[in-house]
2 protein chains.
Amino acid sequence: MQDTDAIDRTILSILSREARIPMKSLAGRIGLSRSATTERVNRLERAGVIRGYRADIGQLDDGQIHAFLLLTLKRTPSLDVLDHLAGFSAVRKVSSVSGQLDLVVEVEVGSINGLNELRDGISAMDNIEDLTTSIVLRRDIERS
Amino acid sequence: MQDTDAIDRTILSILSREARIPMKSLAGRIGLSRSATTERVNRLERAGVIRGYRADIGQLDDGQIHAFLLLTLKRTPSLDVLDHLAGFSAVRKVSSVSGQLDLVVEVEVGSINGLNELRDGISAMDNIEDLTTSIVLRRDIERS
DNA sequence: GGCACATCCGGCATTATGCCGGTTATGCCG
DNA sequence: CGGCATAACCGGCATAATGCCGGATGTGCC
């Protein structure tokens, strides 16, 4: 999975901005034939370098609430906690981080009440030392 | 921009996961003709609801470092700080949040040194009360 | 040299797209 | 009520993109 050359990086940078570009156009930009380009993209997908293609939705949901949950664990790492978190559909992203914190959890819920239930469900796990909730008031910058 | 009905929401949820799906297949899934579906998608794009399509790149290079910078400001809000942050290409996402913190900044740098320079550049701004850095050690969960 | 392997190219049948005319549903107003 | 404008939908045809494959080229190895 470490065999990404300069051409692959060009492909990734183009696809990360214009995921719906036809393979033929992509091929034209990088100076390869269509079939070679397609093969490279397929390889990147199979290797897991490209995980998928997403539409970038601009503030879809006035009703949606985004928040960061900053978790400190009693013992780390904790697969239990990760499994549990994965069970909540509201959980969008979980990152293990260095420092005082242990996990940064990004969530997306339909209501404050949903957020409260989520908090309760998470803090009920043993092995949770501390849970700080920061509701996203505004998304100031978001890139690709 | 507020005229998104149930069908539009279905379209968005599908495209947010499978941005490269052919319009014909999308039409099949939502039970409309291809041309009606295409027209809806075009409208969503023109209205700015769909901002673009991105390939989801999984841990592109081992050389890339992701981190959360947790900022507390002296005075809030601060357009200066946002403008300044926007000037750093390493800055991927900035969210204004409630609570003790003020801003959650997600960054992506090529090296620890780059992270240090970024920290220095940010903490040099007046109006920064506190800056906590949490380097992402691992991405445990990431959804669409 | 001869071989395996990876990468590339081009062509052809199939599939998707862009474009446009035509149909239906709805609301408005004389 | 009838006429009219508008929005949203459908289907068809020419064009463009895709999937699939055989074959060429380059590189390392025995």
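Just so you know, these numbers come straight off a predicted model, no measurement behind them.
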For this session: Starting from P on dA6(C), measure out to CZ on R46(A) and report it in whole angstrom.
Result: 11 Å

Exercise. V91(A), V136(B): one ILVMFWY side-chain cluster at the under-4.5 Å cut-off?
Worked result: no

For this session: Please determine if E39(B) and R46(B) form a salt bridge, counting it only when a charged side-chain N lies under 4.0 Å from a carboxylate O.
Result: yes

Problem set entry | Pairing nucleotide - dC29(C), Watson-Crick or G-U, each distance under 3.5 Å | dG2(D)

Exercise. Does a sphere of radius 6.0 Å around CD in E129(B) hold more than 12 heavy atoms from other residues, nucleotides or ligands, not counting ones at 6.0 Å or beyond?
Worked result: yes

Problem set entry | I7(B) vs R20(B), nearer the 5' end of DNA chain D by closest nucleotide | I7(B)

Exercise. Within this structure, what is the CG-to-C1' distance between N42(A) and dT18(D), rounded to whole angstrom?
Worked result: 11 Å

Exercise. Just by distance, do the side chain of N127(B) and the backbone of L73(B) share a donor-acceptor pair under 3.5 Å?
Worked result: no

For this session: Round to a whole Å and report the spacing from CZ of R29(B) to P of dA16(C).
Result: 13 Å

For this session: For S98(A) and S134(B), work out which heavy atoms get closest and say how close.
Result: O-OG, 3.3 Å

Exercise. To the nearest angstrom, how far is I21(B) atom CD1 from dT15(C) atom P?
Worked result: 16 Å

For this session: Send over the distance from R43(B) CZ to dT6(D) P, rounded to a whole Å.
Result: 18 Å

For this session: Round to the nearest Å and state the distance from I11(B) atom CD1 to dA8(D) atom C1'.
Result: 12 Å

Exercise. Just how far, in rounded Å, is P of dT17(C) from CE of M23(A)?
Worked result: 13 Å

Exercise. Do F68(A) and I135(A) belong to the same hydrophobic cluster, where Ile, Leu, Val, Met, Phe, Trp and Tyr are linked whenever their side-chain heavy atoms lie under 4.5 Å apart, directly or via other members?
Worked result: no

For this session: Give, ordered by number, those residues of residues 32-40 of chain B having at least one heavy-atom distance below 4.0 Å to an atom of DNA chain D; if nothing qualifies, reply none.
Result: L32(B), S33(B), R34(B), S35(B), A36(B), R40(B)

Problem set entry | Value in whole Å for how far the P atom of dA16(C) lies from CD of E18(B) | 14 Å

